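Report on one structure; see the data block that follows.
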Amino acid sequence: MTAQRTEGSASRLAMLGGGRAVPKGLRIAPWPMVTEQDQQAVLRSLASGRFTTASSGEREIPGLESAWAEQVGTRHCVMVNNGTAAISLALGALGLQPGDEVIVPALSFIATAAAPLHLLAVPVFVDIDPTTFNLDPAAVEAAITPRTRAVVVVHLHGLPAEMDEINAIARRHGLAVVEDAAQAHGAEYRGRGVGSIGAINTFSLNVSKNLATCGEGGLITTDDDELATRATMLRQFGELIPEQGERSYVSHFLGWNNKPSALQAAFTRSQLERFPDEAKQRDQNVRALLDRVAPLPGLLQPEVPADRTHAWHILRFRVDPQAFGLDDRFAGPLRATVQRALRAEGVAAAPYQLMPLPAQRVFRERQGFGGYPWALPGVPDRPYREQDFPATLRVLDDSFAIQKAHLHPEAGPLLQRYADAFEKVWEQRDEIARFARSMPYTPLWEQAARAAENEWAQAFAPADGD
Ligand SMILES: *Cc1c(COP(=O)(O)O)cnc(C)c1O
């Protein structure tokens, strides 16, 4: 099973003083990759003297918008200044009102749930499917109330969610579906590109994402002419800027200033030319890693149902304590031990999210907006309860993630050394199990909650406190 590496007794775990499986000199390649062509694109934009959507004759932003609409398969794309704003504007275009409820997954990046809140809408959290890490459609349906207006569906880590089931539920209940595709650029679900399946959908171009800009950016995609117009106005104080002729400077409704920068559009346009090739190469590199670790007992790798593709933004692995001769209580300690052993070998393994989103202080303490929207009459309180999110908690406890290391198209050799490291750690399963059984363990979310309270107390402690 582990024929590729036959070092016998030389395979002492790095955690216990042995040599590393991943050589120290083999570094994670920087992401996003910046080529000569990217630099030229930004310089061209700089030389144009036109820097935002309000600069008459600016071509980079509309150029990126039409290229991305074509890539995704929608009639419209609207660029904004970040992915969080993209979600808020998508919800704003749908006409959400204060106190409206928006269903969001309990496992995601904070932005998914902060965006509705920025409109004074109430994020209502639902549990995930522990195999796809995406919204569980049954949990979505169970969370619907007469106040529900929309569902923000996240394609977590790059795997498309159960869109047909969720769209069907939404249709039955008259809800709008927004895809948060910040982690899933280019992924396909039943032959359709993500970002073309919900009513109005969003992407992030943050430097950490699979399609990046040189800083912050976001994209909104939709087939609906009216939603596209509203989103365009929302990024510009509710104003309509004509393609030609004089501006009216009329704010028709409450908007924000979420205009993107032309330099950032130029950079991403240049990145987009390489994007399909890079995505294909990434897919090969990741699959080669997954093929090698597939035989390891008790290592559950990301699942990709046959009807969709995975953008591989993040690789999340779960561990099954039974395969290590441990009972379920040791899922967390086992994950912590495996993660520590892999890190010592040189694998950039780390948790992604330390707690369910609803456990974040922002949603529990409700600091900001004077406690609204929860303070509005008729808005249910819904305090956070661990028992509402068993799958999210279980996945946080028993899984770790690889981020960034695999994004560069030339990450293949590094990922092969990662495979060596997994095999080496798995050869020492007994040792790992012994460790896991005897270590003191506090769940991530409890550690994080304690750390958060200390951080808050220290940030606002009197300066002469001690
Ligand atoms: C990154 C991310 C966002 C937000 O994007 P920003 O551009 O960082 O504001 C939203 N949702 C998910 C799932 C993300 O990963």
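One is the number of the first residue; the rest follow in order along the sequence. What you are looking at is a predicted structure, and each value in this text was computed from that prediction instead of being measured. Indexing begins at 1, ligand by ligand and atom by atom, following the structure's order.
- Near Ala182, the atoms of ligand 1 lying under 4.0 angstrom from a non-hydrogen atom of the residue are 2 (C), 3 (C), 10 (C), 11 (N), 12 (C), 14 (C), 15 (O).
- The aromatic rings of His185 and Phe203 sit tilted, their planes meeting at an angle between 30° and 60°.
- Below 4.0 Å from some heavy atom of Ala111 lie the following atoms of ligand 1, by number and element: 3 (C), 4 (C), 10 (C).
- Ring geometry for His310 versus Trp312: interplanar angle under 30°, hence parallel rather than tilted (30 to 60°).
- Salt-bridge formation is detected for the pair Arg230/Glu226: a Lys NZ or Arg NE/NH1/NH2 atom is positioned less than 4.0 Å from an Asp or Glu carboxylate oxygen.
- At under 3.5 Å, a nitrogen or oxygen of Asp180, whether backbone or side chain, sits near a nitrogen or oxygen of ligand 1.
- Residue contacts with ligand 1: Ser108 is included, with a non-hydrogen atom under 4.0 Å away.
- At least one N or O atom of Gly83, backbone or side chain, sits closer than 3.5 Å to an N or O atom of ligand 1.
- In summary, the atoms of ligand 1 found under 4.0 Å from a heavy atom of Thr112, numbered by their order in the structure, are 11 (N), 13 (C).
- The pair Glu101-Arg382 counts as a salt bridge, with a side-chain nitrogen and a carboxylate oxygen less than 4.0 angstrom apart.
- In this structure, atom 9 (O) of ligand 1 lies nearest to the protein heavy atom Thr84 OG1, 2.5 Å.
- Nearest residue to atom 14 (C) of ligand 1 from His155, His157, Lys209 is Lys209 (criterion: closest heavy atom).
- Judged purely by atom type and a 3.5 angstrom limit, Arg235 uses its side chain to pair as donor or acceptor with the backbone of Met79.
- Taking the side chain as every heavy atom from C-beta outward, Asp127 and Pro390 approach each other to under 4.5 Å.
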